[in-house]
Amino acid sequence: MSGRLLRLACTATMAAQAVLTPAPALAAPDPQQRSVSALLTDLQQLYRQAEQATETYDATTEKLRRQRAEVSRLDGELSRARLALQDSRADAGRLARQQYQSTGGLGPYVRLLLARDPQHALDEGHVIGELARERARTVTRLTAAEHRKDALARAARKALDTQLALAGRQQRQHDDVRARLGEVERLLAALTPAQLAAIAGLEQQGVSEAQQQLSTGGALPEDRPASPEGDRAVRYAMAQLGKPYRWGAQGPSAYDCSGLTSQAWSHAGTPIPRTSQEQWRRLTRVPLRDLRPGDLVVYFPEATHVAMYVGDGRVVQAPRPGERIEVAPMASYPVLGAVRPDAPQPSEAR
């Protein structure tokens, strides 16, 4: 972990120029005049804000994906409804022509009254009745087709409006993430190598102390075997070691934190929600002491970071911008709790 901030500093200027949009400078004193602990606090806060913005962006992106699918579905239904309406109008036109043609000479009802053969009269009456029912069915189909087409057209317009609104929200959130990452890069670029090394050492010390507290508090789990699905998820996640963190990414060349966990479980045959907040809200929660490999550890009060437990008190995770997928102590960040993707799901969302 001690090399993280040094690696980040080496790429800060290039990343800021190539990726990030301009953002207001930090309203803080000169970094050179601040203590190491204050600088670490600043960095941790900036990273947390960036990850919160990333998870919000991911959630909107997932909603937009579903909304586009809904727009496509409604467009297909509307096309089929228009074809059905054309067929109903053709049937109505045919009946109208028949009605017009029957107005010359004696109509069917008059012919029925003048018929000499009672059986013939009954047969013709049946035909007339069936003709009337067919006309009624045609009118009903035409009316229903008109209503369905109009309803689908309204739904399609509303769905498209929702899609456009989501796309606009996604763009604003995209810009927010880039601006927050820009603040991180600028702060890192202003630090000396000695400051970076001191910050990394202090961060490592804090993680070690937090891990020890989990151990002495009995929160670290005993060794338990993974389920077959959990084993597959762990093997997928471990195969991604060394790949870069990139916000909004779901592989195969890069991932963000929840992109890694959701893709690992998807490849294990158990699709789970896309974002860490939805994973925390919708999956079955388990005590930390009962963790088994493949379970997900969720971090921060807002559930804005997630990692996968791999055993021995460690997790595999996509840590944060500028870093790569790694195996790290479970206490790398403040732990909120844990969830089990392949456990029976709660009857309703928490």
Side-chain angles (χ1 to χ4, degrees), residues 1-26 28 31 39-61 170-191 193 195-197 199-200 202-204 206-207 237 240-263 274-277 298-300 302-308 315-328 332-334:
M1 186 179 262
S2 61
R4 284 181 177 177
L5 297 173
L6 291 173
R7 291 196 305 272
L8 282 170
C10 292
T11 60
T13 302
M14 181 181 298
Q17 292 175 347
V19 178
L20 302 174
T21 55
L26 283 174
L39 290 171
L40 176 58
T41 298
D42 285 348
L43 277 170
Q44 289 175 335
Q45 181 65 20
L46 289 173
Y47 277 125
R48 183 175 173 184
Q49 291 173 353
E51 194 146 45
Q52 286 176 327
T54 297
E55 289 297 298
T56 301
Y57 169 84
D58 287 345
T60 300
T61 299
Q170 182 197 43
Q171 183 60 52
R172 291 191 296 273
Q173 291 166 350
H174 176 278
D175 295 341
D176 183 39
V177 175
R178 297 179 76 176
R180 292 181 185 279
L181 290 177
E183 294 181 25
V184 175
E185 300 292 353
R186 279 189 294 277
L187 178 55
L188 289 172
L191 300 177
Q195 286 177 309
L196 290 168
I199 291 171
L202 184 59
E203 184 177 36
Q204 179 63 62
V207 170
Q240 313 311 311
L241 287 174
K243 292 183 179 180
Y245 177 107
R246 189 173 73 241
W247 61 274
Q250 301 183 72
S253 59
Y255 298 83
D256 63 18
C257 66
S258 55
L260 176 64
T261 55
S262 61
Q263 284 299 305
R274 167 64 177 91
T275 67
S276 60
Q277 292 171 330
V298 183
Y299 298 90
F300 299 112
E302 302 85 2
T304 51
H305 184 72
V306 63
M308 180 179 293
V315 295
V316 58
Q317 64 174 350
R320 60 194 184 193
E323 299 181 18
R324 295 182 178 274
I325 295 173
E326 64 178 10
V327 174
S332 293
Y333 301 100

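The figures that follow rest on heavy atoms only: side chains count, while hydrogens, waters and symmetry mates do not.
For the residue pair Thr304/Glu55, the side-chain donor-acceptor check at 3.5 Å is not satisfied. Gln240 and Tyr255 share a side-chain donor-acceptor pair at under 3.5 Å.
To the nearest 0.5 angstrom, Ser276 atom OG is 12.5 Å from Leu260 atom CG.
The shortest side-chain heavy-atom distance between Gln317 and His305 falls under the 4.5 Å cut-off. Using a 4.5 Å cut-off on side-chain heavy atoms (C-beta onward), Ser258 and Arg274 make contact.
In this pair, Phe300 and Tyr333 present their aromatic rings tilted. The plane angle is within the 30 to 60° band.
Nearest approach of Ser253 to Pro244, heavy atoms of both residues: O-CD, 3.3 Å. Closest of all the heavy-atom pairs between Ala237 and Met308 is CB-SD, 4.0 Å. Of all the heavy atoms in Ala318 and Cys257, the pair that sits closest is O-CB, 3.6 Å.
Of the possible polar contacts, none joining the Glu323 side chain to the Tyr245 backbone as a donor-acceptor pair under 3.5 Å is found. Judged by distance alone, the side chain of Lys243 and the main-chain N or O of Ile325 form no donor-acceptor pair under 3.5 Å.
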Exercise. How far apart are the C-alpha atoms of Tyr299 and Val306, what are their side-chain angles, what is the distance that settles it, and do they pass the side chain to side chain contact (heavy atoms under 4.5 Å, CB included) test?
Worked result: CA-CA 6 Å; Tyr299 298 90; Val306 63; 5.7 Å; no
